[in-house]
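Shown next, in structure tokens, is the structure this report addresses.
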Amino acid sequence: MAESVALDPVDLEILRLLQNDARMTYRELATSVGIAASTCLDRVGRLRRSGVILGHALRLDPARLGRSLEALLMVQVRPHRRELIGPFVDRVRALPESRALFHLTGPDDYLVHVAVTGAADLQRLVLDEFTSRREVARVDTRLIFQQWSCGPLLPPT
């Protein structure tokens, strides 16, 4: 497990603001937290080097890209062995429908967030890309009606 990094109140405010708007300029960010722009640049650089800030992400609307149906697939892999897991993970990550992949504990081994064009496309994906694989024992599908972003993520107090 990665070690946590010591963060002061200014660092926490920088993280909060950047999570709400990662496109802020250093000048805007510095003004918002009450420090010089050069100090802000140094602090953000330190947060990147320490691995607290992992990068920037562009969020897209799947529906506007023709993928209006989103689902969560709970996948059970049998046997659950390392030599099967690597190729399975690589294959799922390469699918254009895949949005996120989680390795889990419990009865399901993986949770896959997918975005597809509709019900027929979801059926094709489940049948052709998941249940047709020898190592996939079961797939349970849950449609996503609505999704909300949460955050910002800050360390526990």
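For R27, the CZ atom is loosely surrounded, since the number of other residues' heavy atoms within 6.0 Å does not exceed 12. Residue Q123 places its CD atom among 12 or fewer non-hydrogen atoms of other residues, nucleotides or ligands, all under 6.0 Å distant.
Through direct or relayed side-chain contacts under 4.5 Å between Ile, Leu, Val, Met, Phe, Trp and Tyr, L58 connects to L60, L65.
For P155, the side chain to side chain contact (heavy atoms under 4.5 Å, CB included) partners are L7, L12, not counting sequence neighbours. When the side chain to side chain contact (heavy atoms under 4.5 Å, CB included) test is applied to D42, no partner is found at least two apart in sequence or on another chain. Remark: L143 engages L69, A71, L122 in a side chain to side chain contact (heavy atoms under 4.5 Å, CB included) (not counting sequence neighbours).
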(request) I would like to know whether I14 and V44 meet side chain to side chain contact (heavy atoms under 4.5 Å, CB included); could you show each step before the answer? (result) CA-CA 8 Å; I14 288 171; V44 171; 3.9 Å; yes

(request) Step by step, work out the side chain to side chain contact (heavy atoms under 4.5 Å, CB included) result for V136 and V139. (result) CA-CA 8 Å; V136 174; V139 176; 3.6 Å; yes

(message) As a quick check of understanding, evaluate side chain to side chain contact (heavy atoms under 4.5 Å, CB included) for R78 and Q76, giving each step before the final call.
(response) CA-CA 7 Å; R78 293 292 178 259; Q76 190 178 71; 3.6 Å; yes

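Counting only residues at least two apart or on different chains, no ring pair (Phe, Tyr, Trp, His ring centres under 6.0 Å) pair has a member in residues 119-157.
Ion pairing of E129 with R91 is present here, as a side-chain N (NZ or NE/NH1/NH2) and a carboxylate O approach within less than 4.0 Å.
A continuous path of ILVMFWY side-chain contacts below 4.5 Å connects L154 to L18, so both sit in one hydrophobic cluster. F88 and L111 fall into different hydrophobic clusters, where Ile, Leu, Val, Met, Phe, Trp and Tyr residues are linked whenever their side-chain heavy atoms come under 4.5 Å apart, directly or through other members. There is a path of hydrophobic side-chain contacts, each under 4.5 Å, that joins V52 to V10. With hydrophobic clusters built from ILVMFWY side chains whose heavy atoms lie under 4.5 angstrom apart, L72 does not share a cluster with L125. V116 and L127 are assigned to two separate hydrophobic clusters, defined by single-linkage of ILVMFWY side chains at heavy-atom distances under 4.5 Å.
In summary, of the residues considered (L104, L73, I85), a side-chain contact (heavy atoms from CB on, under 4.5 Å) with Y110 occurs for I85 alone. The only option from L101, V112, D109 that meets the side-chain contact (heavy atoms from CB on, under 4.5 Å) definition with V75 turns out to be V112.
Once rounded to the nearest 0.5 Å, the distance linking CZ of R46 with CD1 of I53 reads 9.5 Å. Note that the CD atom of Q146 and the CD1 atom of I144 stand 11.5 Å from one another [nearest 0.5 Å].
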Name every donor-acceptor pair, under 3.5 Å, that has one atom in a side chain of residues 93-100 and the other anywhere in the protein, sequence neighbours excluded.
{"from": "E97", "atom 1": "OE2", "to": "R124", "atom 2": "NH2", "distance (Å)": "2.6"}
{"from": "S98", "atom 1": "OG", "to": "V92", "atom 2": "O", "distance (Å)": "2.7"}
{"from": "R99", "atom 1": "NH1", "to": "E70", "atom 2": "OE1", "distance (Å)": "2.9"}

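No donor-acceptor pair closer than 3.5 Å links the side chain of T39 to the backbone N or O of I35. Here the side chain of D21 pairs no donor or acceptor atom with the backbone of L17 at under 3.5 angstrom.
For the residue pair R67 and A115, the shortest heavy atom distance occurs at NH1-O, 3.1 Å. Q19 and P152 make their closest contact through NE2-CB, 3.4 Å (heavy atoms, listed as atom of the first residue, atom of the second, distance).
In this structure, V77 and R133 have side chains that are not in contact, with every pair of non-hydrogen atoms separated by 4.5 Å or more. In this structure, S68 and T117 have side chains that are not in contact, with every pair of non-hydrogen atoms separated by 4.5 Å or more. Between D8 and R43 the shortest side-chain heavy-atom distance falls below 4.5 Å.
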